Amino acid sequence: AVTSPLLEIGGLGVKYGGLLALDSVSLGVGRGEIVALVGANGAGKSSLLRAIAGVEPCSAEKLTFGQRDLRGVTADRRVASGISLVPEGRALFGSLTVLQNLAAGRYALRRARGFHHVVWRDSAERSAFERRLETVYQLFPVLQERADQLAGTLSGGQQQMVAIGRALMGEPKLLMLDEPSLGLAPQVLIEILRCVERLRDQGLTILLVEQNVSAALSIADRGYVLAGGRVIAEGAGRTLLQDRGLTEAYLGSS
Ligand code: ATP
C-alpha cells in the first residue's frame with residue numbers, strides 16, 4: 001500500500017473507438033516518490049499520463065489528487081492544482097529562445113489560474129517568476145548559459161532539460177515525464193535521471209514513463225508494469241528489475 005498517496009487511480013479506462021487502450025487500471029503514487037511506469041510499445045503508458053493530465057477522456061471509478069476528485073475537472077484546472085506533463089517528443093517552441101520556453105511554462109500556470117494579462121505587469125508575480133527561474137537554473141546550469149539561444153538549436157539532452165524546466169516553472173506537485181530518453185545517448189539519459197532524483201530529493205513527486213526499463217526502475221522507488229492496457233505487476237523498482245521472467249516476457253532486454 002502507498003503511504004501518503006498524492007495520486008490515486010482506480011478502475012480507469014481509456015477507449016479509442018473500439019480499442020480499449022486502458023482497462024481497469026488501478027495505481028497509486030505516494031508523496032515524494034518516483035514511480036516508474038514501464039511496458040512494451042502500445043501498452044498504454046502515454047494514454048495513462050494523458051488521462052491523468054486531463055487531455056485524454058477516460059472513465060474512472062476513482063481519480064483523486066490530494067483530496068480532490070479530478071473526474072470532470074478540465075486540463076487547465078489540473079495544471080492549476082499542480083499536475084504537469086512533459087509530453088513525449090518534448091513539444092518545445094523551437095524558434096523561441098530557452099528563456100521564452102521557460103516563460104511559456106509560467107504563462108500556462110497563470111492562464112490556468114485565470115489570469116490573462118502578461119506576467120511582467122505584476123511585481124509579485126514577477127519576483128515569483130525570477131525565483132522559480134533561479135531554481136530551474138540551479139538544476140540545469142546550462143540553460144542559464146544558453147538562455148538566449150533558440151531551443152530548436154540545442155542538443156537533445158538540453159532540449160529535454162528545457163522541457164522539464166518549462167514544466168517546473170508551473171510549480172507542479174506531480175511531475176509526469178513521458179519518455180525523456182527519446183533520441184538521447186545513454187550517458188545523457190543518466191544525467192537527466194540524476195536531475196529527476198534530485199527533484200525527488202527536494203520533495204517533488206514524479207511519475208516516469210520510460211522505454212529504458214533498467215534505467216527507470218533503478219531510480220524508481222516503485223514501479224508498475226503495463227501490458228495490453230492492464231497493470232500486470234507492481235513492486236519496488238529493484239524487485240521488478242530482478243524479476244527475470246517479467247523483464248524477459250514483457251519488457252524486452254533493455
Ligand atoms: P508508446 O511508448 O509506443 O507510445 P504506450 O505504452 O505509451 O506506447 P499508448 O501510446 O498509450 O501506449 O497507446 C496505447 C494503445 O492505444 C496503442 O494500441 C495505440 O496504438 C493506441 N492509441 C494511442 N493513441 C491513439 C489515438 N489517438 N487514436 C487511436 N488509437 C490510439
Side-chain angles (χ1 to χ4, degrees), residues 7-29 34-63 65 70-71 74-75 78 83-92 156-157 159-160 163-164 167 172 174-186 188-190 192-193 196 205-220 222-235 237 240-241 243 245-254:
L7 178 72
E8 290 183 281
I9 295 174
L12 185 145
V14 168
K15 265 188 185 169
Y16 299 110
L19 174 78
L20 196 55
L22 290 173
D23 182 11
S24 199
V25 166
S26 297
L27 60 80
V29 181
I34 296 176
V35 171
L37 198 58
V38 297
N41 277 343
K45 306 177 300 294
S46 299
S47 298
L48 183 55
L49 295 192
R50 291 169 51 78
I52 296 166
V55 294
E56 195 67 68
C58 69
S59 61
E61 285 156 25
K62 179 168 196 173
L63 182 56
F65 182 65
L70 289 182
R71 291 174 303 173
T74 63
R78 294 185 199 194
I83 296 178
S84 187
L85 170 63
V86 180
E88 189 168 7
R90 297 161 197 142
L92 294 184
Q159 291 193 15
Q160 186 60 47
I164 295 173
L174 173 68
L175 180 67
M176 300 193 290
L177 303 172
D178 196 350
E179 298 280 349
S181 73
L182 199 76
L184 302 186
V188 179
L189 174 63
I190 288 168
I192 299 277
L193 293 184
V196 172
T205 305
I206 290 149
L207 183 55
L208 169 67
V209 162
E210 189 39 70
Q211 290 285 345
N212 188 326
V213 173
S214 52
L217 289 179
S218 63
I219 69 155
R222 291 184 313 109
Y224 290 86
V225 182
L226 272 185
R230 290 174 157 268
V231 174
I232 55 140
E234 63 176 282
L240 291 176
L241 200 53
D243 185 335
L246 188 73
T247 46
E248 279 164 20
Y250 294 103
L251 305 173
S253 53
S254 61

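Keep in mind the model is a prediction, meaning the values are calculated, not measured. Numbering of ligands and ligand atoms starts at 1, following listing order.
Counting all heavy atoms, side chain and backbone alike, V29 lies closest to L174 at CG1-CD1, 4.5 Å. Minimum heavy-atom separation, R71 to E61: NH1-O, 3.1 Å. What you find for E210 and A216 is that their closest heavy atoms are CB-CB, 3.6 Å.
Here the side chains of Q160 and L189 are not in contact, with every heavy-atom distance at 4.5 Å or above. A 4.5 Å side-chain heavy-atom check between L241 and S218 finds at least one atom pair inside the cut-off. Contact annotation: the side chain of I164 approaches that of L175 to within less than 4.5 Å [non-hydrogen atoms, C-beta and beyond].
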Ligand 1 polar-atom proximity to protein (N/O, under 3.5 Å):
from: ligand 1; atom 1: 2 (O); to: Q211; atom 2: NE2; distance (Å): 3.3
from: ligand 1; atom 1: 3 (O); to: N41; atom 2: OD1; distance (Å): 3.3
from: ligand 1; atom 1: 6 (O); to: A43; atom 2: N; distance (Å): 3.1
from: ligand 1; atom 1: 6 (O); to: G44; atom 2: N; distance (Å): 2.8
from: ligand 1; atom 1: 6 (O); to: K45; atom 2: N; distance (Å): 2.8
from: ligand 1; atom 1: 6 (O); to: K45; atom 2: NZ; distance (Å): 2.8
from: ligand 1; atom 1: 7 (O); to: K45; atom 2: N; distance (Å): 3.4
from: ligand 1; atom 1: 7 (O); to: S46; atom 2: N; distance (Å): 2.7
from: ligand 1; atom 1: 7 (O); to: S46; atom 2: OG; distance (Å): 2.8
from: ligand 1; atom 1: 8 (O); to: G42; atom 2: N; distance (Å): 2.8
from: ligand 1; atom 1: 11 (O); to: S47; atom 2: N; distance (Å): 2.8
from: ligand 1; atom 1: 11 (O); to: S47; atom 2: OG; distance (Å): 2.5
from: ligand 1; atom 1: 12 (O); to: G44; atom 2: N; distance (Å): 3.1

